[in-house]
Amino acid sequence: MSGPIPRVRVFPGPEAATEGAVEEWNRALRSDDTDAALADAPRPRTRRVLFAGGTTPERLYRRLADPDVMPLTAWRRIEGYFGDERCVPPDHPDSNYGLLRRSLLAPLGGDAPKVHRMHGEDPDPDAAARAYERVIADAFGATDDETPSFDLALLGVGPDGHTASLFPGRSMDPERLCVATARPEDGSARITVTLRLLDAARSILFFVLGASKADAVARCVGPDATPPRDLRPTTLPHDPPPAALVRPAHGRVVWLLDQAAARDLRA
Ligand code: 6PG
């Protein structure tokens, strides 16, 4: 069952879209009714976030590292995880952990949130993926039958419509939370969360900038986009592309775009 229709927010340019992303970040992570009911709790519930990789989110991470944007104390109740990772060491220029470390963790220093990285350096990506499943399940105290529900999953989209490292044409075990896969263009090994995990998130935030993504955006959320037939396929489709299949049954999905990325969307 697909959840609420995704919301699409278009901004004039990357800077405005980044401020929109900060706004959606705060909306996703602020206290909710559940927490109001726990108002006398000794401290606010931990919020768990899946950070996106690639290059687009760097500008957002740097904004969030600004104490005028996010109070330093707010990071005490946030735990960070990753939507995907390249199978490289954490100090490799392609590492998604390295991106977050440079743009958010290092600037925050001792106020940085605790993050659990995927071990891209592991020579056995499948073992690393299974280990990460256990890290996530343990953090949420989830049994095998339960799907951990992240408060926020921040995602990007590639020109082919992949998200995280969920690439069109790749097989995917619909029951797994995290798997090893490979990027079709060059066969480079990746570790990625799955649609099962993304669809349990309370909030999904696609942060997409630039004309190179316009076609993928239109194929995901445009008026002529092909409706997803199966939200839990064993082979990820090309049309609609994998990013279009992220439709949490009970979560809020927002696509944050600049004008360039929204170019092919009719008004
Ligand atoms: C990765 C990401 C991937 C990324 C898109 C967009 O590891 O590359 O998880 O899904 O979000 O490919 O990448 P850019 O932000 O670099 O355009």
Side-chain angles (χ1 to χ4, degrees), residues 11 13-15 17-18 20-21 24-25 49-64 80-90 92-104 115-121 125 128-129 132 150 152-170 172 178-195 197-198 201 204-221 236 238 240-246 253-258 260-263:
F11 295 83
E15 292 72 20
T18 304
E24 289 291 342
W25 166 284
V49 174
L50 280 173
F51 284 105
T55 57
T56 303
E58 179 169 356
R59 58 174 66 239
L60 172 58
Y61 299 156
R62 292 192 181 283
R63 277 300 279 155
L64 292 172
Y81 297 76
F82 289 84
D84 73 330
E85 185 56 280
R86 290 82 181 276
C87 290
V88 295
H92 189 283
D94 290 348
S95 166
N96 287 337
Y97 167 77
L99 164 73
L100 191 74
R101 184 179 57 204
R102 289 190 299 276
S103 56
L104 182 74
V115 298
H116 302 266
R117 66 180 187 84
M118 293 172 165
H119 288 188
E121 71 277 17
Y132 207 66
F150 279 88
L152 173 63
L154 183 61
L155 293 170
V157 174
D160 61 355
H162 78 261
T163 190
S165 284
L166 300 171
F167 294 104
R170 287 299 188 203
M172 188 64 49
C178 185
V179 295
T181 185
R183 182 170 177 255
E185 288 88 332
D186 58 11
S188 57
R190 300 281 187 96
I191 300 167
T192 184
V193 298
T194 62
L195 289 171
L197 193 61
L198 292 176
I204 298 280
L205 180 50
F206 284 102
F207 183 41
V208 189
L209 305 176
S212 69
K213 310 296 178 65
D215 174 64
V217 167
R219 292 193 299 123
C220 289
V221 290
L236 295 171
H238 289 265
L245 276 60
V246 179
V253 181
V254 180
W255 286 67
L256 269 170
L257 312 171
D258 64 357
R263 182 195 62 197

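Counting starts at 1 for both ligands and their atoms, following the listed order. Note: hydrogens, waters and symmetry copies are ignored here, and every other heavy atom, side chains too, is used.
Between T163 and ligand 1, no N or O atom pair is found at a separation short of 3.5 Å. For ligand 1, one of its N or O atoms has an N or O atom of A164 under 3.5 Å away. For the pair S165 and ligand 1, the shortest N or O to N or O distance does not fall below 3.5 Å.
Looking at atom 11 (O) of ligand 1, its nearest protein heavy atom turns out to be G156 CA, 3.3 Å. T55 OG1, 2.7 Å is the protein heavy atom nearest to atom 16 (O) of ligand 1. In terms of protein heavy atoms, atom 9 (O) of ligand 1 is closest to D84 OD1, 2.6 Å. The shortest contact between atom 13 (O) of ligand 1 and any protein heavy atom is with G54 CA, 4.0 Å. The single protein non-hydrogen atom nearest to atom 4 (C) of ligand 1 is G53 O, 4.0 Å, given as residue, atom name and distance.
A donor-acceptor pair under 3.5 Å is formed between the side chain of N96 and the backbone N or O of D84. When atom types are taken as modelled, the side chain of T163 and the backbone of A243 share no donor-acceptor pair closer than 3.5 angstrom. Using modelled atom types, one side-chain atom of H92 and one backbone atom of D94 make a donor-acceptor pair closer than 3.5 Å.
The nearest non-hydrogen atom to atom 6 (C) of ligand 1, considering only L166, V208, V157, T56, comes from V157.
Interface of R86 with ligand 1, defined as ligand atoms under 4.0 Å from a residue heavy atom, comprises 1 (C), 7 (O), 8 (O). Each of the atoms 1 (C), 7 (O), 8 (O) of ligand 1 lies under 4.0 Å from some heavy atom of R190. Numbered from 1 in the order shown, with element, the atoms of ligand 1 that lie under 4.0 Å from a heavy atom of K213 read 6 (C), 14 (P), 17 (O). With ligand atoms numbered from 1 in the order given, ligand 1 contributes 1 (C), 7 (O) to contacts under 4.0 Å with heavy atoms of N96. For ligand 1, the atoms lying closer than 4.0 Å to a non-hydrogen atom of H162 are 3 (C), 5 (C), 10 (O), 12 (O).
Residues L236 and P242 share a closest heavy-atom pair of CB-CG, 4.0 Å. Nearest heavy atoms, F167 versus P184: CG-CD, 3.4 Å. Among all heavy-atom pairs drawn from S212 and P159, the shortest one is O-CB, 3.7 Å.
The side-chain heavy atoms of C87 and S188, taken from C-beta on, include no pair separated by under 4.5 Å. Annotation: side chain of K213 is in contact with side chain of T56 (closest heavy-atom distance under 4.5 Å).
Between Y132 and Y81, the angle of the ring planes goes over 60°, which puts this pair in the perpendicular group of the 30/60° scheme.
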